[in-house]
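A quick write-up on the structure given underneath.
Values below: every heavy atom of this structure, side chains too, minus hydrogens, waters and symmetry copies. Residue numbers start from 1 in every chain, and the chains themselves are labelled A, B, ... in the order their sequence lines are given, proteins ahead of strands.
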Number of protein chains: 2
Amino acid sequence: MAVTLADVAARAGVSAATVSRVLNGNYPVAGSTRERVLRAVDDLDYVVNGHARALAAATSDLVGVLVNDVADPFFGLIASAVQGEISGGADQPSGLPAGAGKLAVVCNTGGSPEAELNYLTLLERQRAAGVVLTGGAVEGTGHSTAVAGRLARLAASGTRIVLCGRPPVPELADLPGAAADSVMTVAFDNRGGAQRLTEHLLALGHRTIGYVAGPAERSTTRHRLEGHRAALAEAGLAGSPAELDRLTVHGYYDRSSGYDAALELLRREPGLTAVVAANDTVALGVCAALRERGLRIPEDISVAGFDDLPFSVDAAPALTTVRIPLQEAGARAGRLVMGRQAPPPGGLATVRTELMVRASTAAPRKGA
Amino acid sequence: MAVTLADVAARAGVSAATVSRVLNGNYPVAGSTRERVLRAVDDLDYVVNGHARALAAATSDLVGVLVNDVADPFFGLIASAVQGEISGGADQPSGLPAGAGKLAVVCNTGGSPEAELNYLTLLERQRAAGVVLTGGAVEGTGHSTAVAGRLARLAASGTRIVLCGRPPVPELADLPGAAADSVMTVAFDNRGGAQRLTEHLLALGHRTIGYVAGPAERSTTRHRLEGHRAALAEAGLAGSPAELDRLTVHGYYDRSSGYDAALELLRREPGLTAVVAANDTVALGVCAALRERGLRIPEDISVAGFDDLPFSVDAAPALTTVRIPLQEAGARAGRLVMGRQAPPPGGLATVRTELMVRASTAAPRKGA
DNA sequence: GCGGTGGGGGAATGCGCTTTCTGCCGCCCA
DNA sequence: TGGGCGGCAGAAAGCGCATTCCCCCACCGC
């Protein structure tokens, strides 16, 4: 049915080996022969069988990209950037001949640890050339150990691993031989960003700041919360753990969680003058809830987000937030996973975050 | 290095064939034998080689999803939904045994026709089980013919094809044999939605309506524009082609295009009372430009978008737009491409769009 | 003119798995 | 008791390609 190498060889009057060599260009072939082969390939509309090639050459042109949810711009931006890098450099996905580009397999884990593990297995099955893990790690349970195990096996079999926006995995630091070098991390400075954000609020005069955190078991949640509390502590506002927890509500990284959390915070502390959200999406939910309660932003209450997603600047009002250069981070992860860029020292690179002060934060009202 | 079927067979004291049968469960194997094999698999941490399997069985667990840009929520939402369906049903991506789920290969074409073609070749190379093409088609050039050709070949080789948010390809209607049934379309009613949107504006009393269209050669752009003009014509406001074109500016589907286009429209027609944008993202850019010009929305000028992306409700003001059930459409496309749902009659399903009237549109000022 | 040399091409092997095609064994029925 | 049959398992033939090894044939130097 399908056209095979042998068909092309027959038509060009050469052996299959020669066709293979022409296609891969890794062996000298006379110009005239090459031309005949190429013409035959064209005539027959031949397309190599990737599986056969992968099997014979023990290589793969797949790179897995694990994300919590592609529909979330945070991950979409990263995935897009990774994809741009791995599919044949800066320009278009390479044509037939070159083919240095690889295919991105985007895996939606939905934030589920089991799904993450399953996808890792699927990728191992496909002998993926590389894997990019994005989003915060799930901590606490045995999950991180399980992931570490899978990653170790992947790394051992030559798969390059890049953690993007996720802390390094200690278990992977001391892998035998070259495997250790194939695990790299592009981390975000969540802690520092969160700290600067809260410092900004404190500088404006806020003293009663609510915090809408993400799911408790995620590293991203923890780091941002730590940064927030570090700022509080430095300002001498640490308070008791109970007090801190009273002004902290956990939820998911989505709009409705922000909405619910804002209501809850208001119930716990009507004197709130500012709310920091886990991310911009959550912040939008917070704003919606506050507005429905008749509060004006930022006159009555300030709101801040995180990530600086594209829509944040168009929100009402424009959101004060912390910018993470997601596309740059994703691009870098893509280059690393492709082996096109030297690994950073220690295999760890941390991308800076930047405070973006906009219209959703202001000094609290005098009365407050 | 890697553990193979033979290793497992040896450890279990059976032949490779038996191991294969246990793993695939497509042949009777005695319970005790199965158990021994399973234990060996577990002991050895065996993971099948997907390429070898694909080669031998002439099947693949890859499904390509072509999008213009994953970072764009429009495509992210669709991709996410498709992905959810193909990776093992409603729940998590199937574990090791079942394995009915497939992997989604998300391909960012960046809207480039060549990239689209290249990806199609790459997917053919991987003998993809299915391909979902999203986003409007590029019309006019020879591109659609080229795409039709590639799709025809894919379909002929058993790959299921689903066009999502893209008009049917006429050349593919009369493929020989079963191939015709493997091409399906989930279209969006862009035309109808656009028409209802403009009718809404007309009903409010607007008579001078600017239109910020997408790239001229895309089918989506054309359909929305047609709907818009159909509404105008029905209201007896058709005007001359020149007049229509004067109030139409083309750009990309991004924020900055909307920004620039709004300025241009204002220059051409200061008396504008409403602007319809190609999509919500563009509408945001339009709003930003208008606001900078000191115009209030909707008091001075109304703005409408399209798609009803998640952020639209949180924009300032909340955007009037046309909702496309993207996740449902994507999920349907996913089911179709997996063969889990019977193809719609004629292979064509059209998803309805719904007018969402919100705060960005209102009656024009009396003076205008 | 002869052995040497090296560029170019073919034959054959194997990658790891699926899948006939056989074949063995124990059981039932005549 | 013997022929058959059903339930299982093994042997082996590929799937389509990359690659190693080998060979052939100019062409060169002596």
Side-chain angles (χ1 to χ4, degrees), chain A residues 1-38 40-41 44-61 96-97 99 122 124-129 157-158, chain B residues 1-38 40-41 44-61 96-97 99 122 124-129 157-158:
Chain A
M1 180 70 216
V3 180
T4 72
L5 237 202
D7 299 331
V8 177
R11 185 173 232 274
V14 299
S15 74
T18 301
V19 178
S20 168
R21 301 204 256 250
V22 169
L23 258 29
N24 294 298
N26 51 12
Y27 196 86
V29 172
S32 62
T33 310
R34 167 194 317 283
E35 222 167 281
R36 273 214 320 287
V37 170
L38 255 18
V41 164
L44 265 36
D45 266 333
Y46 171 70
V47 175
V48 308
N49 183 319
H51 296 300
R53 166 181 291 185
L55 180 57
T59 62
S60 163
D61 16 335
L96 273 242
L122 253 51
E124 183 176 350
R125 179 185 294 185
Q126 302 297 330
R127 304 297 187 263
S157 70
Chain B
M1 182 69 220
V3 180
T4 71
L5 235 204
D7 299 333
V8 177
R11 185 173 233 273
V14 300
S15 74
T18 301
V19 177
S20 168
R21 301 203 256 250
V22 168
L23 259 28
N24 294 299
N26 50 13
Y27 196 85
V29 171
S32 61
T33 310
R34 167 193 318 284
E35 222 167 282
R36 271 211 325 285
V37 170
L38 256 19
V41 165
L44 264 34
D45 266 332
Y46 171 69
V47 174
V48 308
N49 183 319
H51 295 301
R53 165 181 291 186
L55 180 58
T59 62
S60 164
D61 21 340
L96 275 241
L122 252 50
E124 183 176 350
R125 179 185 294 185
Q126 301 298 330
R127 304 297 188 263
S157 70

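In this structure, Asp61(A) places its CG atom 14 Å from C1' of dA18(D), rounding to the nearest Å. What separates CG of Leu55(A) from C1' of dC17(C) is a distance of 8 Å, to the nearest Å. The interatomic distance linking Asn49(B) (CG) with dG14(C) (P) rounds to 18 Å, in whole Å. The separation between Asn26(A) atom CG and dG9(C) atom P is 14 Å, rounded to whole Å. One atom, CG of Asp7(A), and another, P of dC15(D), lie 11 Å apart when rounded to the nearest Å. Going from atom CZ of Arg125(B) over to atom P of dC17(D) covers 11 Å, rounded to whole Å.
Nearest approach of Val8(A) to Val41(A), heavy atoms of both residues: CG1-CG2, 3.7 Å. Nearest heavy atoms, Val48(A) versus Arg53(A): CG1-NH2, 3.7 Å.
Residue pairs meeting the salt bridge (charged side-chain N to carboxylate O under 4.0 Å, His left out) criterion with at least one partner in residues 12-26 of chain A, sequence neighbours excluded, are absent.
Here the OH atom belonging to Tyr46(A) is positioned 3.5 Å from the CG atom belonging to Leu5(A), to the nearest 0.5 angstrom.
Here Ala30(B) lies in heavy-atom contact (under 4.0 Å) with sugar-phosphate atoms only. Among the atoms of the strands shown, base atoms are found under 4.0 Å from some heavy atom of Ser20(B). Residue Ala57(B) is classed as a sugar-phosphate contact, given heavy-atom separations below 4.0 Å to backbone atoms only. Across all strands, Val19(A) comes closer than 4.0 Å to no nucleic acid atom at all (heavy-atom distances).
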Would you please test Val47(B) and Arg127(A) for side chain to side chain contact (heavy atoms under 4.5 Å, CB included) and show each step? CA-CA 10 Å; Val47(B) 174; Arg127(A) 304 297 187 263; 4.2 Å; yes
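In this structure, Thr18(B) reaches the dG10(D) phosphate: one of its side-chain N or O atoms is under 4.0 Å from OP1 or OP2. In terms of phosphate contacts, Thr33(A) brings a side-chain nitrogen or oxygen within less than 4.0 Å of OP1 or OP2 of dG9(C). Side-chain nitrogen and oxygen atoms of Asn24(A) include at least one within less than 4.0 Å of the OP1 or OP2 phosphate oxygen of dA18(D).
Within the helix from dG1(C)-dC30(D) to dA30(C)-dT1(D), the inter-axis angle between the opening and closing five-pair segments is 50°, rounded to 10°.
Residue Arg21(A) places a side-chain atom within donor-acceptor reach of the base of dG10(C), judged by atom type and a 3.5 Å distance cut-off alone.
The closest donor-acceptor contact from the side chain of Arg36(B) to the backbone of Ala12(B) lies under 3.5 Å.
Comparing His51(B) and Tyr27(B) along DNA chain C, the residue whose closest nucleotide (by nearest heavy atom) sits nearer the 5' end is His51(B).
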